[in-house]
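Take a look at the structure set out below.
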Amino acid sequence: MKTQLFNNVADVQADLLAVFVPSEGDLPAATAQADEKVNGQIAALREQTVFKGSVAQTLLLPSTVAGQPALLLVGTGKDTLSDMNVKKVAAALGAQIKALPYANVAVAASGLSVKERDADNITTLLAQWLNEAFYEFLGFKQSDAEKVSKVETLQIEGTNEGALKVGVATAAGSAFTRQLGNLPGNVCTPAYLASKAQQLGEDYGIEVELLDETKMDELGMHCMLSVGRGSDQPSYLIVMHYRGGKEDEAPHVLLGKGITFDTGGISLKPGAKMDEMKYDMCGAASVFGTMKAICELKPALNFTAVIAAAENMPSGRATKPGDIVKTMSGKTVEVLNTDAEGRLVLCDALTYIERFKPQSVVDIATLTGACIVALGSVNSGMYANKQDVAEALKVASKDAADKLWQMPLDEEYQQQLDSNFADIGNIGGPEAGSVTAACFLSRFTESYPWAHLDIAGSAWTGGAAKGASGRPVGLLTQYLLSKAS
Ligand code: BES
Ligand code: MN
Ligand code: ZN
């Protein structure tokens with residue numbers, strides 16, 4: 001599907017025109033224009049409460065005059081839309097466009113007004129969310145062959161090409177992230193993630209380095225290696241370099257937790273919902289998706305993506321509770337619980353990243369169930385050792401309508417990681433579980449500005465609508481774009 005802009009509803013060529021209808025007050029200009037062509041039907045339908053215009057309500061008016069588009073009415077409620085409601089409106093509209101049999105669809109976007117957002121902002125988010133509505137997980141059901149949408153062109157009313165491009169690229173990144181996340185653990189292994197990096201390298205001409213277990217052993221990444229020890233799947237540290245900035249300019253680094261399946265290891269998880277631990281590589285997936293979006297947009301900055309990929313399994317060779325391992329930094333870790341494995345792969349990757357002398361490092365990880373207890377699925381948890389990074393992420397979060405909430409890193413929490421037998425324990429007691437996980441990581445990030453995003457609650461949805469969300473690709477893409485010169 002191609003996404004492009006158009007200027008005016010009066011002369012747009014389309015088979016289907018979507019117009020926005022508030023539940024009370026004047027119709028927006030673009031909607032009123034369309035209403036004239038159908039002799040006031042839209043106003044009449046609202047008057048008769050056949051179509052009330054409530055948030056995300058839709059109604060199709062098929063075309064009765066040759067050459068005129070069918071109309072899709074989309075309700076926007078009585079108030080200026082919040083981000084939450086405009087997301088609902090876009091999702092409902094996207095689902096309709098995808099299901100209806102029209103090839104050329106136009107959206108009268110000037111009829112949308114959203115709190116604290118200008119027209120260009122709306123162009124980006126609408127392009128992103130409408131495109132995201134087209135994502136489907138295909139390839140594993142016999143019925144997949146029938147699931148082809150008829151849409152060829154999506155036209156959005158607007159004037160800013162750059163804003164449109166950001167939305168389309170973000171959606172492409174988010175679709176990549178969701179696809180990797182939704183893939184089962186028997187397909188999406190650490191080696192599979194490594195192959196996806198190589199493919200990005202070929203597609204976009206970025207440099208890719210793969211560090212295998214032998215190389216990681218030479219570097220002293222024994223903490224990272226302790227996690228994959230029980231698995232038959234080899235671990236990888238994957239590094240990708242996007243170079244759009246000056247040669248001598250320090251990179252911004254994103255690091256993703258890539259546990260392709262987390263059984264808990266010898267500290268085995270209970271069986272219920274364990275299938276969802278295929279999503280324990282969603283941090284890595286979000287870094288892949290962001291790399292794709294950035295490669296599409298080609299901003300002027302240097303960006304390095306690092307993925308710590310391993311599978312956490314129990315076996316006769318697996319790391320056991322109480323085992324002591326040495327990190328690449330030299331600090332020793334007592335592995336009190338083999339299910340707190342994310343921090344064990346991340347800490348060595350964080351030390352490895354020092355060699356890039358980064359301007360900033362953000363790690364993204366489905367790190368703790370405790371973060372879901374604290375914030376649910378609404379906000380990703382954010383921690384930072386430098387408030388500048390935190391503030392830049394907050395701005396990006398607002399721009400992308402991809403929520404996060406800053407959590408504390410007070411030094412008082414650090415003592416919960418004390419161990420009788422090693423420099424650090426890998427768990428900090430049940431209290432403040434998300435905070436102590438972040439404290440663990442903070443021990444390895446002292447030499448650069450760093451933030452940590454705990455996306456355990458935001459990366460996927462469980463239940464009937466089970467699936468990866470694609471978050472926080474929007475936020476990360478905006479963050480990197482804000483760093484471009
Ligand atoms: N990947 C999990 C965290 C997780 C659990 C994310 C459920 C999303 C849903 C992580 O590796 C883990 O198991 N963390 C433990 C840490 C504990 C042992 C200190 C947890 O949260 O229970
Ligand atoms: Mn775990
Ligand atoms: Zn995990």
Side-chain angles (χ1 to χ4, degrees), residues 181-182 185 188 190 193 223-224 226-231 233 235 255-286 307-314 318-323 333-347 349 363-381 383 407 413 416-419 424-441 452-463 466-469 471-472:
N182 288 331
C188 184
L193 290 179
C223 196
M224 158 88 187
S226 75
V227 173
R229 193 128 286 154
S231 170
Q233 300 292 338
S235 306
L255 164 63
K257 170 180 171 181
I259 300 297
T260 59
F261 198 85
D262 181 13
T263 65
I266 297 297
S267 312
L268 193 64
K269 287 181 180 295
K273 297 208 278 183
M274 205 213 270
D275 66 291
E276 293 186 18
M277 283 298 111
K278 72 175 183 179
Y279 289 118
D280 212 17
M281 36 57 71
C282 279
S286 76
I307 308 294
E311 185 184 64
N312 188 20
M313 294 285 280
T319 298
K320 303 170 292 299
D323 283 2
V333 176
E334 186 185 11
V335 182
L336 290 159
N337 189 319
T338 64
D339 197 12
E341 84 297 337
R343 60 200 81 180
L344 301 179
V345 298
L346 292 174
C347 70
D363 77 73
I364 307 97
T366 49
L367 205 62
T368 64
C371 189
I372 312 177
V373 175
L375 298 173
S377 62
V378 176
N379 282 285
S380 303
Y383 299 81
M407 302 278 283
Y413 292 107
Q416 289 181 235
L417 294 169
D418 289 351
S419 157
I424 329 170
N426 80 326
I427 54 172
E431 289 173 11
S434 177
V435 182
T436 54
C439 285
F440 183 95
L441 300 178
H452 157 61
L453 298 178
D454 193 333
I455 59 164
S458 56
W460 77 90
T461 318
K466 196 187 291 180
S469 68
R471 290 175 65 190

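Atoms within a ligand are numbered from 1 in the order they appear, just like the ligands themselves.
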If every non-hydrogen atom of Gly181 is compared with every non-hydrogen atom of Ala285, which pair is closest and at what distance? N-CB, 4.4 Å
According to side-chain hydrogen bond (donor to acceptor under 3.5 Å, both in side chains), who are the partners of Thr260, at least two apart in sequence or on a separate chain? none
Residues Ser377 and Arg471: closest non-hydrogen pair is O-NH1, 3.1 Å
Over all atoms of both residues, closest heavy-atom pair of Ile364 and Ser286: CG2-OG, 3.5 Å
With respect to the Zn ion (ligand 3), what is the nearest N, O or S atom of Asp280? OD2
For a distance under 2.8 Å, tell me if Lys257 has an N/O/S atom near the Zn ion (ligand 3). yes
Listing by chain and number, which residues have a heavy atom under 4.0 Å from ligand 1? Lys257, Asp262, Lys269, Met277, Asp280, Asn337, Asp339, Glu341, Arg343, Thr366, Leu367, Thr368, Gly369, Ile372, Ile427, Ala456, Trp460
Measuring only between side-chain heavy atoms, which start at C-beta, is Gln233 closer than 4.5 Å to Met313? no
Can a donor-acceptor pair be found between the side chains of Ser380 and Ser458 at a distance below 3.5 Å? yes
Opening angle between OE2 in Glu341 and OD2 in Asp262, taken at the Zn ion (ligand 3), to 10 degrees: 90°
Should the pair Asp280-Lys257 be classified as a salt bridge under the 4.0 Å nitrogen-to-oxygen rule? yes
Tell me the closest heavy-atom pair linking Leu375 and Gly381, and the distance in Å. CD1-CA, 3.5 Å
Nearest heavy-atom neighbours spanning Asn426 and Arg343: O-NH1, 2.7 Å
Heavy-atom pair of closest approach, residues Ile266 and Thr338: N-OG1, 3.1 Å
Report, one line per pair, each donor and acceptor closer than 3.5 Å where one atom sits in a side chain of residues 428-435; sequence neighbours left out.
{"residue": "Ser434", "atom": "OG", "partner": "Tyr383", "partner atom": "OH", "Å": "2.7"}
{"residue": "Ser434", "atom": "OG", "partner": "Asp454", "partner atom": "OD2", "Å": "3.4"}

Contacts of the Mn ion (ligand 2) with protein N/O/S atoms, counting only those under 2.8 Å: Asp262 OD2, Asp339 O, Asp339 OD1, Glu341 OE1
